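This report refers to the structure that appears directly beneath it.
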Amino acid sequence: MAKIKNLGVLTSGGDAPGMNAAIRAVTRAAIFNNIEVFGIRRGYEGMIDGDIEKLESKDVSGIIQKGGTMLKTARSARFRTPEGRKQAYENLEKFGIDALVVIGGDGSFTGASILSQEYNIPIIGIPGTIDNDLYGTDYTIGYDTCLNTVIEAVDKIRDTASSHNRIFFIEVMGRDAGFVALESGIATGAEVIMIPEVKNQMVELREFLSQRAKSNKSSIIICAEGDDEGNAYEIAKKVESEFPQFDIRVTILGHIQRGGSPSSYDRVSASRMGVAAVEALLDDQKSIMVGLSNGQIVHVPLNKTVKMHKGVPKSLLDVAHILAI
Ligand code: ATP
C-alpha cells in the first residue's frame, strides 16, 4: 500500500474526558512520522459539511488536561445514508485525506466500518465513551474519569443520606451497559446495584428493603439509566408505597458524568492508544480498533467490536454480591 500522506482525525458520538489527549497523541504521532493531519470538526456531520482544518503540533498544545473535545462532536443522521457518506468521502478526497482515525463508541465504529468498506479507506478506531461498553477492549477513554466523578458525587450524597436516615436511588449513565453503575456501586459501598445485565432485581431490592426496615439505616441504591425496571424515579415509585416508613429520595447525576478534567489513567491510555492508532496505519492495518487488554495494546477488527457484545465480568458481579451482605 502507498504510504499515508494525510490523516483525518475526528471525535464522534457522546463526548468523553480524555478525547483531547487522544487527538493530541494522534496528531503528534502522525507529524512525528511525516504525515499531515486534518482535524474534522463535529464528527461525521463536519465530514459531510467539509468542516476540516489542518492541525499542527502547536494546535494540540494545552489540551491534554481538558475535558470535552476540541474538535467538537455530533450525532449525524445524514451519515447513516449512502448519500451522506458519499458527500463525506468526496470531502476527504478534496483534502487528500487517505486515512482516518475515529474516536468514539460503537455507533461511530459502525459508521466507520461501513465507510471503510464502501470506499476502501483505512480507518482506525480509538474507543472513546464513558460507558466502557465496547467489545475487545478492557477499557474505553473517559470511563475512569466518569467513575471518579460518580464516586465523588455519591460520597457526598452518602453524607446527607446517613444524617437523615434516607434511602437514595441514584441514577448513573449506562443506557445499555451497567459498567458505570457496577463499578461505582462497588467503589461507594452501595447497598444495591441495579443494572440491565441482571434480571429480576426487584426481588432483590424488596428483600433488601424489608431487611433494612428493621434497622432504619440509610442506604444507597445505584441504578443504571437503562435498567429493565425503569429509571430511578420509576424504580423508587414501585417500592415507595410498600415501604412508607422510608424517607426515599432520587438523584439523577446526569451530564456531570461526562465532564471534567481527565484522570491520569484516561490521559495516559488515550496517549498510548493515539500513538498506537498511527502505528497501526503505518503497519498497513485497515479497519481495526486499538484497545487495551491486560494493560497491553491490542488490535480488534472494527466489525467485530460492533457485532460482539461486551458483558460485565462475572467476577465483578460476585464481588458486589459478596460485599452487599
Ligand atoms: P456513545 O457510546 O458515547 O453514545 P457512539 O459512537 O456509540 O458513542 P452514536 O450516536 O451511537 O454514538 O453514533 C455516532 C454516530 O455514528 C451517529 O450519529 C452516526 O452518524 C454514526 N452511525 C451510527 N450508526 C451508524 C450506522 N448504522 N451507519 C452509519 N453511521 C452510523
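Computed from a predicted structure; not experimentally measured. The basis for the numbers below is simple: all heavy atoms, side chains too, and nothing from hydrogens, waters or symmetry mates. Each ligand, and each atom within it, is numbered from 1 in the order the structure gives.
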Would you check if the distance from the ring center of Phe169 to the ring center of Tyr233 is below 6.0 Å? no
Please list the nearest protein heavy atom to atom 12 (O) of ligand 1 with its residue and the distance rounded to 0.1 Å. Arg75 NH1, 3.0 Å
Which protein heavy atom lies closest to atom 28 (N) of ligand 1, and at what distance to 0.1 Å? Ile114 CD1, 3.4 Å
Test your reading of the structure: does Gly104 have an N or O sitting under 3.5 Å from an N or O of ligand 1? no
Considering only heavy atoms, does Arg175 approach ligand 1 within less than 4.0 Å through its side chain, its backbone, both, or neither? side chain
So for Asp106 against ligand 1, with non-hydrogen atoms under 4.0 Å, the contacting part is both
Asp144 side chain to Ser263 side chain, donor-acceptor N/O pair below 3.5 angstrom: yes
Of the protein's non-hydrogen atoms, which lies at the shortest distance from atom 20 (O) of ligand 1, and what is that distance? Ser76 O, 2.7 Å
Counting each atom of ligand 1 from 1 as listed, which ones have a heavy atom of Phe79 under 4.0 Å away? 20 (O), 29 (C), 30 (N)
Residue, atom and distance of the protein heavy atom nearest atom 27 (N) of ligand 1 read Thr110 CG2, 3.4 Å
Which residue owns the protein heavy atom closest to atom 30 (N) of ligand 1, what's the atom, and how far is it? Gly111 CA, 3.4 Å
The atoms of ligand 1 lying under 4.0 Å from a heavy atom of Gly105, numbered in the order shown, are 5 (P), 6 (O), 7 (O), 8 (O)
So, regarding Asp133 and ligand 1 (criterion: nitrogen or oxygen to nitrogen or oxygen, under 3.5 Å), is there a contact or not? no
Got a salt bridge between Glu191 and Arg158, using NZ or NE/NH1/NH2 to carboxylate O under 4.0 Å? yes
What residue and heavy atom of the protein are closest to atom 15 (C) of ligand 1, and at what distance? Ser12 OG, 3.7 Å
Can you tell which of Arg80, Met173, Met47 gets a heavy atom nearest to atom 29 (C) of ligand 1? Arg80
Can you spot which of Thr11, Leu10, Val9 makes a side-chain contact (heavy atoms from CB on, under 4.5 Å) with Val102? Leu10
Is there side-chain contact between Leu302 and Thr110, with heavy atoms separated by less than 4.5 Å? no
Determine, using heavy atoms of Glu45 and all atoms of ligand 1, whether some pair is separated by less than 4.0 Å. no
Short N/O distance, under 3.5 Å, between Tyr44 and ligand 1? no
So, is the end of the Lys310 side chain (NZ or CZ) under 6.0 Å from the ring centre of Phe179 and within 45° of the ring's axis? yes
Heavy-atom check, side chain of Glu234 versus side chain of Asp227, under 4.5 Å: no
Among all protein non-hydrogen atoms, which one is nearest to atom 6 (O) of ligand 1, and what is the separation to 0.1 Å? Ser108 OG, 2.5 Å
Under a 4.0 Å N-O cut-off, is there an ion pair linking Asp49 with Arg78? yes
Nearest non-hydrogen protein atom, atom 23 (C) of ligand 1: Gly107 O, 3.0 Å
If hydrophobic clusters are built from ILVMFWY residues whose side chains come within less than 4.5 Å, do Val278 and Ile123 share one? no
Checking the N or O distance criterion of under 3.5 Å, is ligand 1 in contact with Gly14? yes
salt_bridge(Lys5, Glu36) N-O dist < 4.0 Å: no
Identified side-chain contact (heavy atoms from CB on, under 4.5 Å) counterpart of Phe208 within the set Gln211, Glu204, Arg212: Arg212
